[in-house]
**Student:** 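Before anything else, here's the structure in question.
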There are 2 protein chains.
Amino acid sequence: MGALGQDVKARMSDFTRRCKEVGLSATHQRTVIYRVLVESRDHPSPEVVYERVSREIPEISRATVYKNIHTFIDAGLLREVSELHQTNRLDANLERHHHLICTRCRKVVDYDDDQLDGVRATHTEPDGFQVTEYRVEIRGLCSACRA
Amino acid sequence: MGALGQDVKARMSDFTRRCKEVGLSATHQRTVIYRVLVESRDHPSPEVVYERVSREIPEISRATVYKNIHTFIDAGLLREVSELHQTNRLDANLERHHHLICTRCRKVVDYDDDQLDGVRATHTEPDGFQVTEYRVEIRGLCSACRA
DNA sequence: ATAAATGCAAAGGATTTGCCGTCAA
DNA sequence: TTGACGGCAAATCCTTTGCATTTAT
């Protein structure tokens, strides 16, 4: 078993433990969905997760996949790459700037900070990417949602 | 006219100029859509843009708003806050890390970099936000899309 | 028994597409 | 008079919801 295998094993026992902590039953469906997620390195969409899980559980429904993705996110077992996926959000400000994003109400506020403008990766061409821009996303709760 | 007003004026002439450059007619609809975007500080969704534009042009259709948003993005007149809004993208890696995002094919790759982990805003509570996390998004073209 | 979890199908929301009419070069 | 643009409606894609059934405790 290679390094990834070890990792999957460790994360699956985290999964089991966390399920107990929050009172979730680790059903067969949930276990397979979570394992597929842990084994995926490509940040799959729910549809892709559904496809992959379907190979092991052909009868599974999309609803189960979607519901459990939410369940895992609520339990802190899973994250979204972007919280802004429900609808497009537009920005006519073409100057270099960053964003404050409220993870609760999805408010987005521009944030200018020279210090952040200087952010650079250590590696010049990370993973073969031709980098065009570094953007810092500052996540948290806006003043209204903190209250 | 306040500072924002000046800004809107300047950006609208950028708009007109850029339209000429790329051979787009600056129709009434386009001009109003773009002005609404420039005047909006809340990073609106296409639906919200449609509502705001509708006040001035009640007959406008959503299709026109959506089509022109794409047109503006292609022309470099407008940006998306997140390129990952068409579908959710999941991440079971709970360790602190950052992302490389290909703006063409939407590939997302994890990126670990101690240097980026140290990124902090200059202001302790920017805009009243209670910050929980700083994430750096490195945008560019992946090796496949560069080719 | 009781609550939680699944699956199906329908509904809902966001976005895109096809098509046709109109307008300007 | 040709191509670009706008508007309508249908289609599509993604996601959620309601409800009946099953499963676990």
Side-chain angles (χ1 to χ4, degrees), chain A residues 15-16 18-37 43-75 77-78 80-90 106 108, chain B residues 15-16 18-37 43-75 77-78 80-90 106 108:
Chain A
F15 169 73
T16 310
R18 182 88 185 124
C19 282
K20 278 188 189 120
E21 278 174 21
V22 295
L24 280 178
S25 12
T27 62
H28 180 51
Q29 286 89 336
R30 283 189 179 147
T31 305
V32 175
I33 293 170
Y34 199 75
R35 182 168 38 70
V36 161
L37 281 161
H43 306 81
S45 65
E47 176 67 23
V48 169
V49 174
Y50 168 73
E51 284 167 24
R52 292 177 188 172
V53 172
S54 294
R55 287 182 212 137
E56 297 186 48
I57 312 175
E59 333 76 61
I60 203 166
S61 69
R62 277 182 180 76
T64 298
V65 173
Y66 275 94
K67 282 172 188 168
N68 283 316
I69 284 171
H70 283 300
T71 303
F72 296 158
I73 290 169
D74 293 344
L77 281 160
L78 187 61
E80 299 168 320
V81 176
S82 166
E83 281 85 1
L84 304 177
H85 54 85
Q86 289 177 331
T87 178
N88 204 351
R89 297 289 294 272
L90 304 164
R106 261 105 247 207
V108 177
Chain B
F15 169 73
T16 309
R18 183 87 183 123
C19 282
K20 279 188 188 123
E21 279 173 20
V22 294
L24 280 178
S25 13
T27 62
H28 180 50
Q29 286 89 338
R30 284 191 180 147
T31 305
V32 174
I33 293 170
Y34 199 74
R35 182 167 37 69
V36 160
L37 282 161
H43 305 81
S45 65
E47 178 65 25
V48 169
V49 174
Y50 168 74
E51 283 166 24
R52 291 177 188 173
V53 172
S54 294
R55 288 182 213 137
E56 297 185 49
I57 311 175
E59 329 78 60
I60 202 167
S61 71
R62 277 184 180 76
T64 298
V65 172
Y66 275 94
K67 282 173 189 167
N68 282 316
I69 284 170
H70 284 300
T71 303
F72 295 158
I73 290 169
D74 293 343
L77 281 160
L78 186 62
E80 299 169 319
V81 176
S82 167
E83 281 85 1
L84 305 176
H85 56 85
Q86 288 177 331
T87 178
N88 203 351
R89 297 289 295 271
L90 303 163
R106 264 109 246 202
V108 177

**Student:** Need one value for B:H70: base, sugar-phosphate or nothing, where a base atom within 4.0 Å counts as base even if backbone is also close, heavy atoms only.
**Tutor:**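 The residue B:H70 makes sugar-phosphate contact but no base contact.
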**Student:** Would you say A:R35 and A:T31 make side-chain contact, with heavy atoms under 4.5 Å?
**Tutor:**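 Contact flag for A:R35/A:T31 side chains = no.
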**Student:** Counting only side-chain nitrogens and oxygens, does B:T87 get under 4.0 Å of the OP1 or OP2 atom of D:dC13?
**Tutor:**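 Result: no.
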**Student:** How close or far is atom C1' of C:dA5 from atom CZ of A:R30, stated in whole angstroms?
**Tutor:**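 To the nearest whole Å, that distance equals 6 Å.
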**Student:** Enumerate the protein-to-nucleotides 22-25 of chain D contacts in which both atoms are nitrogen or oxygen and the separation is below 3.5 Å.
**Tutor:**
none

**Student:** Applying side-chain hydrogen bond (donor to acceptor under 3.5 Å, both in side chains), name anything that partners A:Q29, two or more places apart in sequence or on another chain.
**Tutor:**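 Counting only residues at least two positions away or on another chain, A:Q29 forms no side-chain hydrogen bond (donor to acceptor under 3.5 Å, both in side chains).
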**Student:** Can you check the A:H28 NE2 to C:dA4 C1' distance for me, whole Å?
**Tutor:**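 About 18 Å, once rounded to whole Å.
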**Student:** Hey, what bend do you get for the helix from C:dA1-D:dT25 to C:dA25-D:dT1 if you fit axes on five pairs at each end, rounded to 10°?
**Tutor:**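 Taking the rotation axis at each end, their angle is 20°.
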**Student:** Sequence neighbours left out, what passes side-chain hydrogen bond (donor to acceptor under 3.5 Å, both in side chains) with A:R52? Give chain and number order.
**Tutor:**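 Expected list: A:S40, A:D42.
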**Student:** Side chains of B:I33 and B:I60: closer than 4.5 Å at any heavy-atom pair?
**Tutor:**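 Heavy-atom side-chain distance check passes, below 4.5 Å.
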**Student:** Between A:E80 and B:L90, what is the shortest heavy-atom contact and its length?
**Tutor:**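 Residues A:E80 and B:L90, closest heavy atoms: CG-CD2, 4.5 Å.
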**Student:** Rounding to a whole Å, what distance do you find between B:K67:NZ and D:dG7:P?
**Tutor:**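 Checked: the NZ to P distance equals 10 Å.
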**Student:** Rounding to a whole Å, what distance do you find between A:Q86:CD and D:dT15:P?
**Tutor:**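 In whole Å, D:dT15 P and A:Q86 CD are 9 Å from each other.
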**Student:** So does A:L84 get a backbone contact from the side chain of A:S82, meaning a donor-acceptor N/O pair under 3.5 Å?
**Tutor:**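 Yes, the answer is positive, given that a donor and an acceptor are paired below the 3.5 Å cut-off.
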**Student:** What N/O pairs connect the protein and nucleotides 20-25 of chain C at under 3.5 Å? Give each pair on its own line.
**Tutor:**
none

**Student:** Under a 4.0 Å heavy-atom cut-off, which of residues 45-64 of chain A touch DNA chain D?
**Tutor:**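 DNA chain D contact set from residues 45-64 of chain A: A:P46, A:A63.
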**Student:** Which residues satisfy the side-chain hydrogen bond (donor to acceptor under 3.5 Å, both in side chains) test with B:Q86, sequence neighbours excluded?
**Tutor:**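 If we apply the side-chain hydrogen bond (donor to acceptor under 3.5 Å, both in side chains) test to B:Q86, skipping adjacent residues, there are no hits.
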**Student:** Does B:E47 have any salt bridge (charged side-chain N to carboxylate O under 4.0 Å, His left out) partners at least two apart in sequence or in another chain, and if so, which?
**Tutor:**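 For B:E47, the residues satisfying salt bridge (charged side-chain N to carboxylate O under 4.0 Å, His left out) (neighbours in sequence not counted) are B:R62.
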**Student:** Rounding to a whole Å, what distance do you find between B:E80:CD and C:dT15:C1'?
**Tutor:**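 Value for this atom pair: 12 Å.
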**Student:** Who are the ring pair (Phe, Tyr, Trp, His ring centres under 6.0 Å) partners of A:F72, not counting sequence neighbours?
**Tutor:**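 Ring pair (Phe, Tyr, Trp, His ring centres under 6.0 Å) list for A:F72, sorted by chain: A:F15, A:Y34.
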**Student:** Within less than 4.0 Å of OP1 or OP2 of D:dG6, is there a side-chain N or O belonging to B:N68?
**Tutor:**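 For D:dG6, OP1 or OP2 has a side-chain N or O of B:N68 closer than 4.0 Å.
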**Student:** Starting at CZ of A:R89 and ending at C1' of C:dA14, how long is that distance when rounded to a whole Å?
**Tutor:**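 Computing the A:R89:CZ to C:dA14:C1' distance gives 14 Å.
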**Student:** Within the pair A:H85 and D:dC14, is there a side-chain N or O less than 4.0 Å away from OP1 or OP2?
**Tutor:**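 No, no such contact exists.
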**Student:** Atom CG of B:D74 and atom P of D:dC5: how far apart are they, to the nearest Å?
**Tutor:**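 Roughly 12 Å, once rounded to whole Å.
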**Student:** According to a strict under-4.0 Å criterion, is A:Y66 in side-chain N/O contact with OP1 or OP2 of D:dT15?
**Tutor:**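 Result: yes.
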**Student:** Counting C-beta onward and ignoring hydrogens, is there a side-chain heavy-atom pair between B:P44 and B:L37 closer than 4.5 Å?
**Tutor:**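 In contact.
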**Student:** Between A:T87 and B:P46, is any pair of side-chain heavy atoms under 4.5 Å apart?
**Tutor:**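 Side-chain contact under 4.5 Å: yes.
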**Student:** Without decimals, in angstroms, what is the distance between B:Q29 CD and D:dC5 C1'?
**Tutor:**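 Whole-Å distance recorded here is 8 Å.
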**Student:** Listed by chain and number, what are the side-chain hydrogen bond (donor to acceptor under 3.5 Å, both in side chains) partners of A:N68, not counting sequence neighbours?
**Tutor:**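 Counting only residues at least two positions away or on another chain, A:N68 forms a side-chain hydrogen bond (donor to acceptor under 3.5 Å, both in side chains) with A:R30.
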**Student:** Check salt bridge (charged side-chain N to carboxylate O under 4.0 Å, His left out) between B:R106 and all other residues, then give those that pass, not counting sequence neighbours.
**Tutor:**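 Salt bridge (charged side-chain N to carboxylate O under 4.0 Å, His left out) check on B:R106 returns nothing, list empty.
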**Student:** Could you tell me which residues satisfy salt bridge (charged side-chain N to carboxylate O under 4.0 Å, His left out) with A:E59, sequence neighbours excluded, listed by chain and number?
**Tutor:**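 Result, salt bridge (charged side-chain N to carboxylate O under 4.0 Å, His left out) vs A:E59: none returned.
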**Student:** Quick check for you: among D:dC5, C:dG7, C:dA5, whose closest atom lies nearest to any side-chain atom of A:L24?
**Tutor:**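 Of the options given, the side chain of A:L24 lies nearest C:dA5.
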